[in-house]
Each structure stands twice: as structure tokens, then as C-alpha cells.
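Down below is the structure, laid out as C-alpha cells.
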Amino acid sequence: MTELPDADRLTALVTGATAGIGAEFARQLADRGLDLVLVARDECRLRASAAQLAERYAVDVQVLVADLTVPQERAAVEARLASAPIQVLVNNAGFGLPLDFDLNPVDDEVRQLDLLATVPLRLTHAVLPQMIARRSGTVITVASLAGYAPLTTYSAAKAWAVVFSRWANAYYRPAGVTITALAPGFVRTEFHERMGIARESMAPRWLWLEVEPLVRAALRDADRGRAVSIPSLRYKLLSLVMGAIPMRLVTANARRTRWARRR
Ligand SMILES: NC(=O)c1ccc[n+]([C@@H]2O[C@H](COP(=O)([O-])OP(=O)(O)OC[C@H]3O[C@@H](n4cnc5c(N)ncnc54)[C@H](OP(=O)(O)O)[C@@H]3O)[C@@H](O)[C@H]2O)c1
């Protein structure tokens, strides 16, 4: 890790870069030769990832230790985005909640909504002016296919990411900035383990995606200027089916699923 990156080099900032999808974004962006700013809460893990990536890909890797749901800590990340060129921003950090809306502590619901919607909104707002000024930049926000269905605060926040990215991509593409929502289905990461839910209880094995091809597809879709990236044929088809089914049927099914799990 060096102190002062070369002014001509491109830099990517990835939130939630220590595990799962974010760690793979960091790896593939480093493989493309971009310097990195990695953001997450666990400092030891962040530093270990940074050292590994710096050594393997010969790029400059900085770390920003921040809980993005804490305003003062998030402000440091916003300041970094506004103060020096960032070519790629990946809004990825997120977590799920294991219980029904009425059973989760309300503060956890608010923190989740914050991390999945308010934080990407604020970080995108912070980075956009310099991207527009350079007429170049990419913002990828990790949404979810859950954003296509009415399923708790989580899916409402992910729906925000999809709708916002569709608008923002149409609006800012002429200014040279691509804004893409990545909307995967089930992905093998630490996400469900952190919720205390066994993966096998969530979905059959064939529905689970691996992070490597998922991130590769997302970066390819962003390179092509797409507003939404849905990795894998099976989830592309599923998204079409979900779009075609009347909303009252999707809602009825969502209710059954939640109540079944609660009993
Ligand atoms: N896995 C899936 O099935 C799936 C499907 C669709 C969408 N997604 C979305 O994909 C994104 C990444 O999830 P993942 O599956 O890769 O989960 P993961 O393996 O649990 O990784 C989550 C990352 O977010 C960081 N993080 C969590 N809370 C944070 C906070 N308050 N401030 C800063 N960083 C925080 C974690 O690091 P620290 O703990 O060190 O902070 C970690 O690096 C999320 O937005 C998730 O909603 C996941």
C-alpha cells in the first residue's frame, strides 16, 4: 500500500468490501487495474483484504473503517467521494433481518432502510459532481430481485435502488455517468449466516448464485451502460415472470411465505 496514488490512476470505492459480493467487486476491479478504497466496519478484516489485494494486483488500496449507518462515520466516506476522483462507486453494504416487521426492533428496521437506501443515495449524491465534471464514472448499487416483490422493508429499500437507478441512468448517461442497479437472487455469501438463517431453508441449491460470475456480469452490464443487471438466465426469466404476474397474486404469495416461516 502506498500513501499517494498516481493522479492518472483510476480509483474505485466499494462499501461492504470485506465479504461476499463487495469483496468480489473489489477483487475484480483491482484485476482491472483500479486502485481501491475499501469501506466496512471490521478494521482487521479490511486491512487484511487491502494487503492481499495490493500484493496480488499491484494496486493502491486504502481502507475507510466506517459504520455507514452512523452519520459521522458516513460523512467521512462522503467527504472522500467528493474530495478526490473516484471512477467507480459500488454501493454494496447491506444486511437482512430475520423476523417479521412487527417483531424486529424498530431501530433495526430504520438502520436497514438507511443502509440500503439512504446511504446509496447520499454516496451517489456525493460522487456525482466530480463524475459529471470529468464526464466519466460508474455507480453500481447492489439491489436485489426482492425489489421486484412486496416483501418487508428490505424489498422496499431494494425497489428504491432499482427505480432510482433506472431514472438516474437515463438522466446522467448523456453526461457520461452510468448508474446501474444489480438485482441478483440468492447468492452464496455470509448474508444469511449473519441473519442466523440456514441457507438450505431459504431456497433449493440450483437457485444459489456464485459471486464471481455475478460480479463479472454486473461489471459487463455497467460497461454497456445498462440501468439494471440481473445475473443468470434463470433469474432473468424469473424477473420477467414476476413482472407479468398481477401484483395482488404476488402480494398474496408474499403473505403466505412470511406467515409460514413465523409459525
Ligand atoms: N446474499 C444474497 O443472497 C443477496 C441477494 C441479493 C442482494 N444482496 C445484497 O448484496 C449486498 C451484499 O451482501 P452480501 O450477500 O455480500 O453480504 P455479506 O457477505 O454479509 O457482506 C456484507 C458486507 O457489508 C458490510 N456491512 C454490513 N453492515 C455495514 C455497515 N453498517 N456499514 C458498513 N459496512 C457494512 C459487511 O462488513 P462489516 O461487517 O465489516 O461491516 C460486509 O463486508 C447487500 O446489499 C445485500 O442486500 C445479497
Side-chain angles (χ1 to χ4, degrees), residues 1-6 9-81 83-96 111-112 114-116 119-120 122-123 126-127 138-142 144 182 184 186-199 208-219 222 231:
M1 280 178 278
T2 57
E3 286 300 309
L4 289 170
D6 182 337
R9 291 183 60 90
L10 300 177
T11 303
L13 186 145
V14 182
T15 70
T18 48
I21 297 171
E24 183 59 19
F25 265 112
R27 195 193 65 73
Q28 291 194 25
L29 288 163
D31 193 29
R32 288 179 169 209
L34 274 82
D35 291 333
L36 296 171
V37 182
L38 307 181
V39 183
R41 293 166 301 180
D42 184 332
E43 183 168 4
C44 282
R45 230 173 146 183
L46 266 179
R47 294 205 180 280
S49 305
Q52 225 173 43
L53 291 168
E55 188 184 335
R56 183 165 169 196
Y57 296 103
V59 293
D60 182 84
V61 188
Q62 299 175 345
V63 302
L64 268 179
V65 183
D67 181 336
L68 290 163
T69 64
V70 175
Q72 302 90 305
E73 297 184 26
R74 188 183 60 219
V77 181
E78 289 175 42
R80 172 64 185 83
L81 287 166
S83 63
I86 292 286
Q87 181 66 18
V88 181
L89 164 64
V90 183
N91 288 309
N92 163 77
F95 67 90
R111 277 192 325 114
Q112 188 189 50
D114 242 17
L115 189 60
L116 301 183
V119 169
R122 292 194 68 108
L123 300 193
V127 81
T138 301
V139 177
I140 297 173
T141 300
V142 182
S144 168
L182 164 60
F186 293 105
V187 192
R188 285 196 183 88
T189 66
E190 297 173 16
F191 185 88
H192 298 92
E193 192 185 316
R194 287 179 193 240
M195 285 165 73
I197 294 179
R199 257 191 229 145
W208 290 87
L209 301 172
E210 301 296 334
V211 289
E212 196 277 335
L214 173 140
V215 168
R216 196 164 297 289
L219 289 172

Step-by-step side-chain contact (heavy atoms from CB on, under 4.5 Å) determination, Val119 to Val77: CA-CA 10 Å; Val119 169; Val77 181; over 6 Å; no

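- If you take CG on Asn91 and CG on Leu116, they are separated by 10.5 Å, rounding to the nearest 0.5 Å.
- Under a 3.5 Å cut-off, the side chain of Arg199 and the backbone N or O of Val187 do not form any donor-acceptor pair.
- Among residues two or more places apart in sequence or in another chain, the salt bridge (Lys or Arg N to Asp or Glu O under 4.0 Å) test is passed with Glu43 by Arg47.
- Evaluation of the ring pair (Phe, Tyr, Trp, His ring centres under 6.0 Å) rule for Tyr57 yields no partner, not counting sequence neighbours.
- Across all non-hydrogen atoms, the minimal contact from Ala218 to Phe25 is CB-CZ, 3.9 Å.
- Under the side-chain contact (heavy atoms from CB on, under 4.5 Å) criterion, Ala12 pairs with Leu29, Leu34, Leu36, Val88, not counting sequence neighbours.
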Trace of the side-chain contact (heavy atoms from CB on, under 4.5 Å) decision for Leu214 with Leu182: CA-CA 9 Å; Leu214 173 140; Leu182 164 60; 3.9 Å; yes

Working for side-chain contact (heavy atoms from CB on, under 4.5 Å), residues Arg9 and Val59: CA-CA 9 Å; Arg9 291 183 60 90; Val59 293; 3.7 Å; yes

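- Between atom OG1 of residue Thr189 and atom CG of residue Leu209 there is a gap of 10.5 Å, rounded to the nearest 0.5 Å.
- Annotation: side chain of Arg80 is not in contact with side chain of Val39 (no heavy-atom distance under 4.5 Å).
- Minimum interatomic distance between Ala76 and Leu64 (heavy atoms only, all atoms of both residues): O-CD1, 4.4 Å.
- A search for salt bridge (Lys or Arg N to Asp or Glu O under 4.0 Å) contacts involving Arg216 returns Glu212, not counting sequence neighbours.
- The nearest pair of heavy atoms linking Thr141 to Pro120 is CG2-CB, 4.0 Å.
- The stretch residues 188-198 participates, sequence neighbours left out, in these salt bridge (charged side-chain N to carboxylate O under 4.0 Å, His left out) pairs: Arg45-Glu190, Arg188-Glu210, Glu190-Arg194.
- Considering only heavy atoms from C-beta on, Phe95 comes within 4.5 Å of Gln112 through its side chain.
- Environment of CD in Glu78: crowded, with over 12 heavy atoms of neighbouring residues, nucleotides or ligands closer than 6.0 Å.
- One finds the CG atom of Leu123 at 6.5 Å from the OG1 atom of Thr15 (value rounded to the nearest 0.5 Å).
- To the nearest 0.5 angstrom, Arg56 atom CZ is 5.5 Å from Arg27 atom CZ.
- Considering only residues two or more places apart in sequence or on other chains, Asp42 meets the side-chain hydrogen bond (donor to acceptor under 3.5 Å, both in side chains) condition with none of them.
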